[in-house]
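All figures in this text were calculated on a predicted structure; none of them were measured in a lab. In the text below, chain A, chain B and the rest are named by the order of the sequence lines, each starting its count at 1.
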Amino acid sequence: MLRLYDTQTREVRDFVPLVEGKAGLYVCGLTVQSEPHVGHVRSAVNFDVLQRWLRHEGYDVSFIRNTTDIDDKILAKAEEQGRPWYNLAYDMKRELDRAYASLNVMPPTYEPAATGHVPEMLELITRLIEAGHAYPAEDGSGDVYFDVQSWPAYGELTHQRIDDMEAAGDADPRGKRDPRDFALWKGKKASEPETASWPSPWGRGRPGWHIECSAMAGKYLGSAFDIHGGGVDLRFPHHENEVAQSRAAGQRFASYWMHNAWITTAGEKMSKSLGNSLLIPEVLKRVRGIELRFYLVAAHYRSHVEFSFEALDEAAQGFRRIEGFLERAGEEEAGEVPQAFADAMDDDLGTPAAVAVLFDTVREGNRSGDPAPYAAQVRAMLDVLGLDPADPAWPDAQKTDAGLSDVVDALLSGLLAQRSEARAAKDFATADAIRDQIAAAGIEVEDTPDGPVWSLSQKDA
RNA sequence: GGUGGGUUGGCCGAGAGGCGAGGCAACGGACUGCAAAUCCGUGUACACGGGUUCAAAUCCCGUACCCACCUCCA
């Protein structure tokens, strides 16, 4: 039985889907305003593992992950860079897709963008106004606000009382009835481009941040769905506001709320504004995508991770042990996952314990005369974690091209034969020189009972 | 000020009064001409100070520190 930690109830609860055998997930994706960093990708990997585990357990999964492609920052940045906001958003979206692909993050069932769902948002906002939970600003700005005082349950997700909350620092309070009211719709400002506005009953404008998720979750998953996820920072205000406006509009909304923790560097969270982000292409110069993913998966999703290249390198080294085992075991179809692994995953996605089972199985496989059954288990576990090296979803650059492999084989055969002769003659100086020469080309040679075996060195870069 | 989460050996992490969870890394040994790979072995770690107890990482009191959110944030 899968058990998940629910942010709202603050406890690990049995996962009981609304409809047996089905799971509806909505995860807040990114605002595409800059290059993705390790923290962004952690969230995606964490929820990817959730999706994979649910599928493995036989659930029919609907996984919706949105993209916020319009907001203040996108507009400001685009302006600064002198290009259209939609071009910036699209560019960054493609960067993000590349990052996801390099980490074997499965595509969601659908990835809706905010700008594609303005009609749905307008419908929702209209309903909220009619229900007395929202109002157009009285200052003629064209803004529409959610009226937090009209919704007694406001604060239910994060267990806060309205009176304890600080008012928004940024928003000018002129048009608001309560400083904590938040924007559902933002009236177009004269300084903003025409392309960044849509017609509405309250004049041209653009979506507020939170409303998109309520609208899109409702459209694709229905008024009630199983799991809503995102980073911890989104609990408040984003998710709190989402619940408020969704429930006020008559939707039941999510049954479980899951939030992944941060990755920090030098004790500080990575942030676009702090400028201490570890961008994915940079990190991938050091380790392969599969190794970065392993590093992320080896930590529990609710634990704060202090990123370090040392830890990343150690994780990568550990992962190569698993890969080496699979290579030696040969092609083996994925089999069943060990019970201990399933137990770990069922316990709120206990990936650290699951990874331990993975290594235990590798050791047993190495110890046994017949590694095949163990390899099948290992493949099955890696598959759940999105870490199967043989998964064709990994970008081609990470795999050794089969044709190229034959070429290298042919080129090396002469050298390896010479080396074998030298070794047979106990001329180890020559043998080692040949091995060094090959190593200089980035290829490692290992002597096995069946003769020398070469592989591309993975310890450089 | 409000709301949460933390602090267990280099890293990831269980455990919720008693018999040193586990995994990775590191180190040592075996194997090897040497390596590599593999196997075997090795760590008394629980933020600090008091207390309760025959016994405390676990309970009590106090303290420190870290992190996050409070309307840009994964």
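Counting only heavy atoms from C-beta on, A/S303 has its side chain closest to B/G13 among B/A68, B/C11, B/G13. Proximity note for A/F236 (side chain, C-beta onward) versus B/G13, B/C69, B/C11: the nearest is B/C69. Taking the side chain of A/H40 as heavy atoms from C-beta on, and the options B/C24, B/G13, B/A74, the nearest nucleotide is B/A74. The side chain of A/P237 sits closest to B/C70 out of B/C70, B/G13, B/C11.
A/S197 and A/E192 are not linked by any side-chain donor-acceptor pair at a separation below 3.5 angstrom, with hydrogens and angles left out of the test. If you check the side chains of A/D143 and A/W202, you find no donor sitting under 3.5 Å from an acceptor.
Under the 6.0 Å cut-off for aromatic ring centres, A/F225 and A/F253 qualify, their centroids lying closer than that.
Cation-pi geometry between A/R13 and A/Y256 is satisfied (NZ or CZ under 6.0 Å from the ring centre, within 45° of the ring normal).
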Quick one: which protein N/O atoms are closer than 3.5 Å to N/O atoms of nucleotides 7-9 of chain B? Pair and distance per line, please.
none

Might you list the N or O atoms of the protein lying below 3.5 Å from N or O atoms in nucleotides 30-34 of chain B, with each pair's distance?
from: B/G33; atom 1: N7; to: A/R423; atom 2: NH2; distance (Å): 3.3
from: B/G33; atom 1: O6; to: A/R419; atom 2: NH2; distance (Å): 3.4
from: B/G33; atom 1: O6; to: A/R423; atom 2: NE; distance (Å): 3.1
from: B/G33; atom 1: N1; to: A/D432; atom 2: OD1; distance (Å): 3.0
from: B/G33; atom 1: N2; to: A/D432; atom 2: OD1; distance (Å): 3.4
from: B/G33; atom 1: N2; to: A/D432; atom 2: OD2; distance (Å): 2.6
from: B/C34; atom 1: O2; to: A/R435; atom 2: NH2; distance (Å): 2.6
from: B/C34; atom 1: N3; to: A/R435; atom 2: NH1; distance (Å): 3.1
from: B/C34; atom 1: N3; to: A/R435; atom 2: NH2; distance (Å): 3.3
from: B/C34; atom 1: N4; to: A/D447; atom 2: OD2; distance (Å): 3.0

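When each of A/D360 and A/R161 is assigned the nucleotide of RNA chain B bearing its nearest heavy atom, the one mapping closer to the 5' terminus is A/R161. Toward the 5′ end of RNA chain B lies the nearest nucleotide of A/Y154, the other residue of the pair A/Y154 and A/R42 mapping further downstream.
At a cut-off of 3.5 angstrom, counting only N and O atoms as typed in the model, there is no donor on one side facing an acceptor on the other between the side-chain of A/Q160 and the base of B/G4.
Within 6.0 Å of the CD atom in A/E336, the count of heavy atoms belonging to other residues, nucleotides or ligands does not exceed 12.
Side-chain nitrogen and oxygen atoms of A/R10 include at least one within less than 4.0 Å of the OP1 or OP2 phosphate oxygen of B/G4.
Between A/E11 and A/R3, none of the side-chain N atoms (NZ, or NE/NH1/NH2) sits under 4.0 Å from a carboxylate O, so this pair counts as no salt bridge.
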